> 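A single structure is presented below for examination.
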Amino acid sequence: MMRFLRYLRGSGRVLGFVFVASVIWLLLDMAVLRLSIGDANSRLVNERTVREQEIAQQQVLDSSDLKPVRLFRTQKRKERMAGQDKNNLQPEPVALRRSVERERREPEETASNASVQASKPQQDMPEKLPVQATHKSPVKKEKQIKELQTQGTNNGSLVKEKQIEKLPIQGANNVSLVKKEKQMKEVHNQGTNNASLVKKEKQNEKLPIQGAHNVSSVKKGKKIGGMVGNNSIIVHMNDTLAVKAGVHRVLSLDLTAAPRNPNAVGQFGQAAVVPRDKEVLSKQRWNEGYFNVYLSDQIPLDRAIPDTRPDTCARNVVHNDLPSTSVIFCFVDEVWSTLLRSVHSVLNRSPPHLLKEIILVDDFSKKAYLKGNLDKYMAKFPKVRIVRLEERQGLIRARMAGAAIAKGDVLTFLDSHVECNVGWLEPLLERIYLDRRKVPCPVIEVINDHDMSYKLVDNFQRGIFKWPLVFGWNTLSDEYVKKKNMTVADPIRCPVMAGGLFSIDRKYFYELGAYDPGLEVWGGENMEISFKIWMCGGTIEIIPCSRVGHIFRGKNPYNFPQDRQKTVQRNFARVAEVWLDEYKELFYGHGYQHLLENQHDIGNLTEQIQLRDRLKCKSFKWYLDKVYPELEAPLVKANGLVFNRGSRNCLSVRNRVLSFEKCDLSKQSQHLNYTWLDHICQRDLCLEPNVIQGSLSFQPCDRTRPVLRWLHKTSKSPLSEHLISAKSSQQVCLEASQKADKIHLAPCVASNPFQQWEFTNYYSV
Ligand code: LR7
Ligand code: MN
């Protein structure tokens with residue numbers, strides 16, 4: 001015992017003991033840590049495996065015929081906000097725009113990004129599944145289809161009756177009982193006339209079904225009375241439970257006759273690749289449509305595409321008694337597979353009871369397959385009607401031919417190389433239901449012309465134009481989005497539509513006088529209908545919950561009966577003449593002055609002008625102020641005093657006689673305009689040179705007389721400060737005499753200060 005105590009007393013031994021104990025403790029600790037790491041890892045691995053299995057299963061399910069597909073939504077694009085392209089109103093000629101658009105809208109086209117995109121669906125899938133749950137089960141889907149088909153003949157009356165039965169049950173469970181009782185009474189008083197209830201809701205409750213009050217407030221699974229999504233939906237607002245009778249969740253239908261092959265070329269909107277041995281063939285066939293026709297022909301006609309809608313869209317509600325629509329496709333020599341894919345996308349993804357018919361207007365195509373083969377193919381689809389025009393009319397009159405026979409409440413125009421996405425139709429019709437003067441357009445997404453992949457486009461894009469009426473896209477600024485408290489799913493007011501894809505109430509279309517039938521072949525009709533809609537009381541909107549892909553092509557793959565450029569310019573001039581008022585000078589001044597010379601025939605405009613009067617449409621100035629204030633539209637290029645550098649005096653006009661005076665801003669006689677038509681004018685009198693005599697006079701302005709035009713501030717010219725008579729054979733310039741009392745014409749000399757002039761204000765240079 002003593003030995004042991006002695007042993008303990010030695011301090012070195014105590015230390016040794018402590019050391020050994022610590023080592024044992026450390027070893028034990030590490031073992032425990034290892035165990036827990038291993039455990040966490042294996043849990044993560046397990047979870048991932050289960051998730052991957054689910055995803056794999058889901059992909060297989062999604063590729064079968066009855067499943068809506070929700071793949072490949074690229075988070076990056078979805079969340080890309082207004083930052084890019086902000087305030088970029090850069091117009092591009094159509095062909096150029098398309099390629100720029102490709103660049104702008106498809107930065108993911110690089111190889112590395114392609115792989116990112118391919119892995120995206122897996123990341124996105126799990127959170128998306130619950131949203132789609134009601135549509136995933138084949139049994140439910142069949143039930144849904146049956147319901148829809150029944151509704152088809154009866155246009156929703158079945159649903160209405162169901163709702164009325166169910167309302168009392170809802171009432172019992174409802175928190176805001178008072179409101180609900182009132183609603184119930186209304187329903188009962190109105191008997192089966194549910195539509196009027198909806199109208200009342202529309203008027204009394206400021207509760208937009210889409211947009212501000214949308215998905216986030218609609219909660220699945222809290223339905224009362226066992227109702228299914230189709231008929232009625234419980235809407236939670238600020239914790240108050242309210243039942244919106246007469247509405248249902250947007251139908252994300254994607255029906256197809258045959259099971260989808262997940263390995264098919266371009267399936268799910270993925271990029272397709274031309275095999276090595278087909279590259280020559282694919283190049284040869286490019287000109288048939290100015291896109292990859294070879295690949296298009298390999299891709300299933302009913303391929304699935306990624307559901308690119310903002311998240312909230314699938315949970316939005318729309319009214320049960322939406323108007324029906326006739327979908328009108330005009331085409332001339334369209335590629336077989338793209339035309340058919342367009343038609344199938346409408347058939348597969350539109351609620352049958354809302355799709356009255358599909359009208360195919362053949363604008364005198366030459367391709368044989370578009371005749372007998374097309375008739376035969378479409379005979380299988382009772383809703384498809386084919387109209388054949390006996391001579392080439394151009395897309396504008398072809399659309400009118402389709403509209404003339406349409407029976408739907410709404411006309412929906414689509415280009416003949418599109419793919420409508422899931423849930424595309426109801427959000428459009430809902431807007432018209434809420435206000436028949438709304439003209440909704442889907443978001444136009446990009447089907448890549450090279451690889452046929454389906455690409456999501458940026459949020460908050462609107463259609464705009466720049467002078468001279470060049471269409472372009474522009475992203476709403478962050479400030480605007482914030483100020484308006486906009487979500488990515490809210491309708492976007494759109495100064496002009498792209499033209500090819502929109503819905504319009506059929507009767508309203510005719511009230512507006514349809515299109516100007518004097519517009520030929522292609523171009524300008526989107527401007528015409530846009531100005532007409534806005535200025536005559538309507539609204540154009542882009543609906544982010546409705547998405548349709550379109551193949552943007554570098555060239556028109558059909559001939560123009562007359563010169564293409566002349567045809568398009570003539571169309572634009574017609575639109576400018578009827579709709580732009582005094583602003584038409586900006587149109588001509590930005591490159592179309594030649595249309596005013598040489599007696600260009602733009603046809604008779606009497607009817608169009610009368611129509612505008614009859615409809616009591618507002619002025620173009622009103623349109624610029626209220627609809628598109630961002631557009632720079634100064635009415636003149638320059639104005640104010642016209643100062644001469646050499647004499648240091650200013651021009652003055654008295655009794656049509658030009659003289660020189662000491663500059664004085666207060667004298668109206670010294671105020672002149674330099675216009676977009678290059679006139680130097682005071683009121684309606686223009687400065688006219690007499691080149692032979694070298695003299696000048698003031699004559700009534702006349703835009704058809706090129707002699708009245710003066711060049712000034714033409715970029716990079718050594719004579720940019722000069723006022724050069726535009727139409728004289730030798731260059732003659734306006735010159736102040738040395739005595740500074742007279743003005744005459746003289747051969748231009750760059751360095752002569754007596755030929756250099758300066759207006760007080762410049763607006764365009
Ligand atoms: O003579 C013709 N007859 C026709 O039936 C010429 C064309 N067409 C058909 C043609 O087959 C196609 O289905 O009309 C449709 C439109 O012609 P495209 O596809 O050659 O036009 P686009 O897509 O190049 O041009 C846009 O601008 C046009 C101006 O007249 C029309 O408004 C198009 O509908 C319009 N397309 C879109 O808005 C899709 C998005 C493009 C953008 C931006
Ligand atoms: Mn097109």
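Every value quoted in this text rests on a predicted model; they were computed, and no experiment measured them. As the structure lists them, so they are numbered: ligands from 1, and atoms in each ligand from 1.
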> Taking only heavy atoms of Asp363, which atoms of ligand 1 are found under 4.0 Å from at least one of them?
1 (O), 2 (C), 3 (N), 4 (C), 5 (O)
> Does some side-chain heavy atom of Ile328 sit less than 4.5 Å from a side-chain heavy atom of Leu414?
no
> With heavy atoms under 4.0 Å as the rule, classify the contact between Ile444 and ligand 1 as side chain, backbone, both or neither.
side chain
> Please work out which of Cys330, Gly289, Gly402 has its closest non-hydrogen atom nearest to atom 9 (C) of ligand 1.
Cys330
> Decide if atom NZ of Lys380 counts as having more than 12 heavy atoms of other residues, nucleotides or ligands within a radius under 6.0 Å.
yes
> Could you list which atoms of ligand 1 come closer than 4.0 Å to a heavy atom of Leu501?
39 (C)
> Find all atoms of ligand 1 within a distance of less than 4.0 Å from any non-hydrogen atom belonging to Val521, and give their numbers and elements.
1 (O), 2 (C), 6 (C)
> Kindly give the heavy-atom pair with the smallest separation between Val422 and Arg349, and that separation in Å.
N-CD, 3.5 Å
> Check Glu334 against Ser416 and note the closest heavy-atom contact, atom names and distance.
OE1-OG, 2.6 Å
> Going by the atom numbers of ligand 1, which of them fall below 4.0 Å from some non-hydrogen atom of Phe471?
43 (C)
> Show the numbers, then the answer: is there a ring pair (Phe, Tyr, Trp, His ring centres under 6.0 Å) between His344 and Tyr377?
CA-CA 12 Å; His344 280 292; Tyr377 187 92; 5.8 Å; yes
> Heavy atom to atom 6 (C) of ligand 1, shortest distance: which of Tyr558, Phe329, Trp522 holds it?
Tyr558
> By number and element, which atoms of ligand 1 are closer than 4.0 Å to a non-hydrogen atom of Arg553?
18 (P), 19 (O), 20 (O)
> Got a second to check how far Arg564's CZ is from Trp522's CH2, nearest 0.5 Å?
5.0 Å
> I need the contact type for Leu395 against ligand 1. Using non-hydrogen atoms and a strict under-4.0 Å cut-off, is it side chain, backbone, both or neither?
both
> Just say parallel, tilted or perpendicular for the rings of His450 and Trp286, cut-offs at 30° and 60°.
tilted
> Shortest non-hydrogen contact from Leu501 to Pro442?
O-CD, 3.3 Å
> Would you say the SG of Cys494 sits less than 2.5 Å from the SG of Cys441?
no
> Would you say the side chains of Trp424 and Ser350 form a donor-acceptor pair under 3.5 Å?
yes
> Between Arg392, Glu520, Gln393, which is the residue that forms a side chain to side chain contact (heavy atoms under 4.5 Å, CB included) with Pro561?
Arg392
> Below 4.0 Å, non-hydrogen atoms only: which portion of Arg399 touches ligand 1? Side chain, backbone, both or neither.
side chain
> How would you list, by chain and number, every residue that makes a side-chain hydrogen bond (donor to acceptor under 3.5 Å, both in side chains) with Asn526, sequence neighbours excluded?
none
> Would you kindly specify which portion of Arg392 sits under 4.0 Å from ligand 1, judged on non-hydrogen atoms: side chain, backbone, both or neither?
side chain
> Hey, is Met497 touching ligand 1 through its side chain, its backbone, both or neither, going by heavy atoms under 4.0 Å?
neither
> Quick one: does Phe413 get within less than 4.0 Å of ligand 1, heavy atoms only?
no
> Judged by non-hydrogen atoms, does Phe560 sit under 4.0 Å from ligand 1?
no
> Does the gap between the ring centers of Phe552 and His550 come in under 6.0 Å?
yes
> For a quick test of reading the model, state the closest non-hydrogen atom pair linking Ala272 to Leu295 and the distance between them.
O-CD1, 3.5 Å
> Look only at interatomic distance and state if Val332 has a nitrogen or oxygen under 3.5 Å from any nitrogen or oxygen of ligand 1.
yes
> Check this for me - ligand 1, Gly524, N or O atoms closer than 3.5 angstrom, yes or no?
no
> To the closest 0.5 Å, what do you measure between CD1 (Ile305) and OG (Ser345)?
7.0 Å
> Parallel, tilted or perpendicular: which fits the ring planes of Phe465 and Tyr623, with parallel below 30° and perpendicular above 60°?
parallel
> Suppose I only count heavy atoms of Ser416 and a 4.0 Å limit; which atoms of ligand 1 are within that range?
11 (O), 12 (C), 13 (O)
> Using distance alone, determine whether Gly500 and ligand 1 share an N or O pair under 3.5 Å.
yes
> Has Lys371 got more than 12 heavy atoms of other residues, nucleotides or ligands less than 6.0 Å from its NZ?
yes
> Any idea which part of Phe552 is under 4.0 Å from ligand 1, heavy-atom wise: side chain, backbone, both or neither?
side chain
> With a cut-off of 4.0 Å, which atoms of ligand 1 are near a heavy atom of His417?
12 (C), 13 (O), 19 (O)
> Count up the protein N, O or S atoms sitting under 2.8 Å from the Mn ion (ligand 2), would you?
3
> Which of the atoms of ligand 1 are close to Glu525, meaning less than 4.0 Å from one of its heavy atoms?
29 (C), 30 (O), 31 (C), 32 (O)
> Do ligand 1 and Asp415 have nitrogen or oxygen atoms that lie under 3.5 Å from each other?
yes
> Check each heavy atom of Asn556 against ligand 1 and say whether those closer than 4.0 Å belong to the side chain, the backbone, both or neither.
side chain
